Structures are given as C-alpha cells and as structure tokens.
Amino acid sequence: MKFHILFLFWFANIFAQQQFRTSDFGYSDDVIKVEESLYKFDKDQNKFIKENYYITEIKNTYVQRQILENIYQEEKISGEYLYVYNSDLTLKEINYKPIIGNFGHPIRFLFNYEKGKLERVIVEHMSSTTYEYDKKGNLIKEVELNADDEPSETIFYEDYIDKKSYTKIKKSNDGSGSDFTKEIYKDGLLIEKNMISEDFKSNTKYSYDNFRNVISQVYDDSSRIDFNYEFDANNNRIKIAKVIPAMPDDNSFAFAKITYADGTTSGSTELDLNFIKKYDEVFREKDSLLQQYRKVVYSRKDYLSVLKGHDSVIEIQDSYDNNFEKVVQLVDTPEHSSLVIFNEVDQSIHFVKGFYLDDFAKHEWHDAIKLISPTGIYWVKNNKFKISFYQDGKYLQSSNFSIENDENPNHLVVKSVDGTIYQIQNVDTSEAGRLYPLFKK
C-alpha cells in the first residue's frame, strides 16, 4: 500500500494499529528483509542517480529495524529505527538514532495502552498524542500536543461502517477552525481526500490494484500521479514506477530486493533502465533518439547547426536535418554571450560565438563549432577579460579556480581547488566569446 515503507511512524494514524507488520504494507508473511533503492533523473549529471536506500528487517511478520540512507552529491547520511514490542505484540517504543552524518538527533517514541487500546503516544521532548474511543471501541478522536502542551492538531473519526471503513477529519490546533482535511477510507484504504479552506479547495481520488497497491492519484484539475509495478512470484513489489505526466522531471523509480525466511531472494536494488523506459515517456524518447543518432557517421567536423528565432527560440539540427533539440543540453553561460551546447550523443562540446547578442542574425542557420580538449575542460573570456570554464556540459564556478602568470608570458596558469594545475595558452591573441581547450600543465 505504501510507496515507501520507511518513516512509518510519521503517520500518526498508523499508531492506532499498534503494530508494524508485513501485511500492513503489502508484503507476504514470509518476508524477513526488504531493501529498496530510489532513483531519479539528475539533469546536471544527465543520468539516473540513487537518492535513497532503505532497509527493513522483519521477524515473524513484525518490523524490527529500519535504516534510511539519503545520498546527495555522493555524500551519504543515514538513520536507524529500532522497534520494541510488548508481550502481547503491541508496539512499546521506537528508538531513532543517526548513523552517518547529521541526520537528525536521537528520538524516542513511547506507546501507552489502557485495556488493550492505544491511549497515548509520546515523542520525547517534542509532542504527545492522545486517543479517544466510543463504546464500540472505534477510534473517534486524536489530539496532538506540542512541546508546550498546546494542541497542534485534532483529528476526528466518524461515519464508521466497520473498523476499516470510516471518515477522518483533520483540523489544526484544537479543531475549532473552519479549515480541514477530510479523508475517506474503505476496507482500510484511503479512497478520497478533500482539503478545504476559506480560499482553497482540492479533491484527490485514489485507486488500487488487487494487491492493495495504489495505482493512481487523480486530482480535481485532472492532473494525476500513476504507479506501476512488477512483482515476484509471491506478488511482492520488486519494481515501482511513480510517474507524473504533467511534471516528468519528478518521476521516480524504486527497485527492491526481497529476502524470504527460507533464505531465497527476489528482485534487485540495481537500476533497471528497461523498466524505466516502459513508463517514462520522455526518457524513452530521448534514449531512442540517442541510439538512432549514434548510428549516423558524419562527414563534417562541425555537423550541428543552430537557428535563432523570435524571442530567442533556439532550433538545433544536424547535417542530415535530424532535430537535435531533445538530445542536447544548452549550458548556462553567465559571463559571456556565446551559446554553449553539450551534445549527449557523443558527449561533445559545441559553441556559437555571440549567439546571445542582440545583433546576432536571426532566422539563419549557423554552424556550431565542435571542440576537443585533452582535459575535457574549456575556457572562454569575455570583452572585459573575465575567464569562465566549462566541462561535460556544465558551467564551472570561477571561484573553484585561481589564475596566475605562467613563465611563458603568452600563457596563464590555472589552479583548481582539488590541486590540479592547468594552462591557458595564447590568452592575449584569443578571441572574446570563443571557447578554447584547457591543457594540463
């Protein structure tokens, strides 16, 4: 049911279950471990990168331990959650601690019961939530108090059909305000959500597959989020595609490895591009074009041409009139007026001098000059002699480099923050707005 099975404790309503079990999250009872990697496409790196890695360890169907690892620019931070149960297998406490990096601080969640029902959840030094029930044992109210014992949220339960079908009303503070969120549950699944305030209303409807996995969230403006899955032989999720047609840059893909009590496994946490292509239309189209264009052998060195139209609209094509706009990146050029193009087909750099100047000829095709650099880094100066650097389709911050005089008066020495020393050659005779290769000294 949940797209991610970590951070379970943040959903206060789930505490009423008093347990964290495989069946609550769509896994079969013989699962003892779930590992999951989440990938998103990074435009700067021009590839899918792993953003999160999850581990959930289970014993006798009860979650025992969870680890979340967040990966940002190849740096990792992680935290661990340990679950402790009472003798009747109700949840006693959850203990969180950071493992790597500054990933929050230790937190303890305590669960108090009366006559077998959850009465109070305490998040030490942060908040507490009390639970009220009717005579039939149905949960009818939750009140969350902040660290100052002031109500921060009040939740009402009503319209009970049975234990799993009801309506949930969330209100801020003591619940007396007119703004609220209304959630309708059927057979334990959220099927509709309404957010209502004085100047805002929204409606979201949810649908599920036969295994109780959410397959769509449809909003009242017709926008949507779609989920697609692949399952192993036991109908456990091993591949998940979260697709947002209106915002494909926010698409994400998760891949899971399932370990069973008998020691067998299914699935993998590794990136599966073939699965992604099934559901990510933008990536599928771009990948298809890349494969197509890589088969073309060009007789011209400068095979890309560029046209500047009205409102600086840019068209890019090759010498065979193939449209290249979907398989190139236009590089940020903050310090000069040339157009810099990173061609994803052959990982090459092209540029058109003075493209962003007002007097650059429009509605004409201009050759984009292809460059080669032994270091993969290029430099360019503007009319005020300010020098910028580019590598692999990216503008490099000038603050990452220091420039000094070379023993040869025609050249300059460039030192990067990582200690690498480069050389700019023939700096005085170079043209402003033209890219040149940066050499290693």
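Computed from a predicted model, the values in this text were never measured in an experiment.
Qualifying ring-ring contact (aromatic ring centres under 6.0 Å, His included) partners for F283, counting only residues two or more places apart in sequence or in other chains: F48. Qualifying side-chain hydrogen bond (donor to acceptor under 3.5 Å, both in side chains) partners for N102, counting only residues two or more places apart in sequence or in other chains: none. In this structure F360 satisfies the ring-ring contact (aromatic ring centres under 6.0 Å, His included) test together with F355, H366, sequence neighbours excluded. Qualifying side-chain hydrogen bond (donor to acceptor under 3.5 Å, both in side chains) partners for K353, counting only residues two or more places apart in sequence or in other chains: E431. Annotation: ring-ring contact (aromatic ring centres under 6.0 Å, His included) contacts of Y72 (sequence neighbours excluded): none. Annotation: salt bridge (Lys or Arg N to Asp or Glu O under 4.0 Å) contacts of R284 (sequence neighbours excluded): none.
One finds a salt bridge joining E93 and R108 here, because a Lys/Arg side-chain nitrogen approaches an Asp/Glu carboxylate oxygen to under 4.0 Å. Using a cutoff of 4.0 Å between basic side-chain nitrogens and carboxylate oxygens, E335 and K386 are scored as salt-bridged. Using a 4.0 Å cut-off between a side-chain N of Lys or Arg and a carboxylate O of Asp or Glu, R294 and D346 do not qualify as a salt bridge. A salt bridge does not link K47 to D42: none of the charged side-chain nitrogens sits closer than 4.0 Å to a carboxylate oxygen. Residues K257 and E270 are not paired through a salt bridge, judged by the lack of any N-O separation under 4.0 Å between the basic side chain and the carboxylate. Note on E153 versus K171: no salt bridge recorded, every NZ/NE/NH1/NH2 to OD/OE distance being 4.0 Å or above. Ionic pairing of D187 and R212 is present here: one or more N-O contacts between side-chain nitrogen and carboxylate oxygen are shorter than 4.0 angstrom.
Residues E192 and N203 bring a donor and an acceptor atom of their side chains to less than 3.5 Å of each other. Judged by distance alone, the side chains of N236 and S28 do bring a donor and an acceptor atom under 3.5 Å apart. Between the side chains of D232 and S266, a donor-acceptor pair is found at a separation under 3.5 Å. Counted by atom type alone, Y219 and Q217 present one or more donor-acceptor pairs between their side chains at under 3.5 Å. Side chains of Y53 and E35: a donor-acceptor N/O pair is present below 3.5 angstrom, by distance only. Between the side chains of N146 and S152, no donor N or O sits under 3.5 Å from an acceptor N or O. For the residue pair N234 and Y260, a side-chain donor N or O sits within less than 3.5 Å of a side-chain acceptor on the partner.
Relative to the ring axis of Y133, K117 places its NZ or CZ within 45° and under 6.0 Å from the centre. In this structure, R237 forms a cation-pi arrangement with Y27, its terminal cationic atom sitting closer than 6.0 Å to the ring centre and no more than 45° off the ring axis.
Between F255 and F275, the distance separating the two ring centers is shorter than 6.0 angstrom. If you look at W379 and Y436, their ring centroids are closer than 6.0 Å. Checked against the 6.0 Å centroid threshold, H125 and F109 do not count as a close aromatic pair.
For E198, the CD atom sits in a loose shell: 12 or fewer heavy atoms of surrounding residues, nucleotides or ligands are nearer than 6.0 Å. K186 NZ: 12 or fewer foreign heavy atoms inside a 6.0 Å radius. Within 6.0 Å of the CG atom in D358, the count of heavy atoms belonging to other residues, nucleotides or ligands does not exceed 12.
Between I424 and F389, some side-chain heavy-atom pair lies under the 4.5 Å cut-off. V331 places none of its side-chain heavy atoms less than 4.5 Å from the side chain of I341. In this structure the side chain of L118 never reaches within 4.5 angstrom of the side chain of T90, judged on heavy atoms. Contact check for V63 versus Y85: side-chain heavy atoms found under the 4.5 Å cut-off.
Between the side chain of N86 and the main chain of L89, no donor-acceptor pair closer than 3.5 Å is present. A donor-acceptor distance shorter than 3.5 angstrom exists from the side chain of K163 to the backbone of G137, with no hydrogens or angles considered. Remark: side-chain polar atoms of S216 are not paired, donor with acceptor, to backbone N or O of V218 under 3.5 angstrom.
Atom CD of Q64 is separated from atom CD1 of I32 by 11.5 Å, given to the nearest 0.5 angstrom. Between the CD1 atom of I316 and the CG atom of N322 there is a distance of 13.0 Å, given to the nearest 0.5 Å. How far CE of M195 is from CG of D220: 11.0 Å, rounded to the nearest 0.5 Å. Rounded to the nearest 0.5 Å, atoms CD1 (I155) and CD1 (I169) are 10.5 Å apart.
Ring geometry, Y166 versus Y160: the interplanar angle falls from 30° to 60°, so the pair is classed tilted.
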Q.
T61 vs R21, test: side chain to side chain donor-acceptor pair (under 3.5 Å). Steps then yes/no.
A. CA-CA 5 Å; T61 76; R21 308 192 64 179; 2.7 Å; yes
Q: Evaluate the ring-ring contact (aromatic ring centres under 6.0 Å, His included) criterion for residues Y62 and F20: first the C-alpha distance (whole Å), next the side-chain angles of each, then the deciding distance (0.1 Å), finally the verdict.
A: CA-CA 6 Å; Y62 289 87; F20 289 87; 9.8 Å; no
Q: Let me see the working for E230 and K278 under salt bridge (Lys or Arg N to Asp or Glu O under 4.0 Å), right down to the final yes or no.
A: CA-CA 11 Å; E230 283 190 14; K278 290 181 182 179; 2.9 Å; yes
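The minimum heavy-atom distance linking V214 with F227 is given by the pair O-CB, 3.2 Å.
A ring pair (Phe, Tyr, Trp, His ring centres under 6.0 Å) with H336 holds for exactly one of F385, Y390, Y395; it is Y390.
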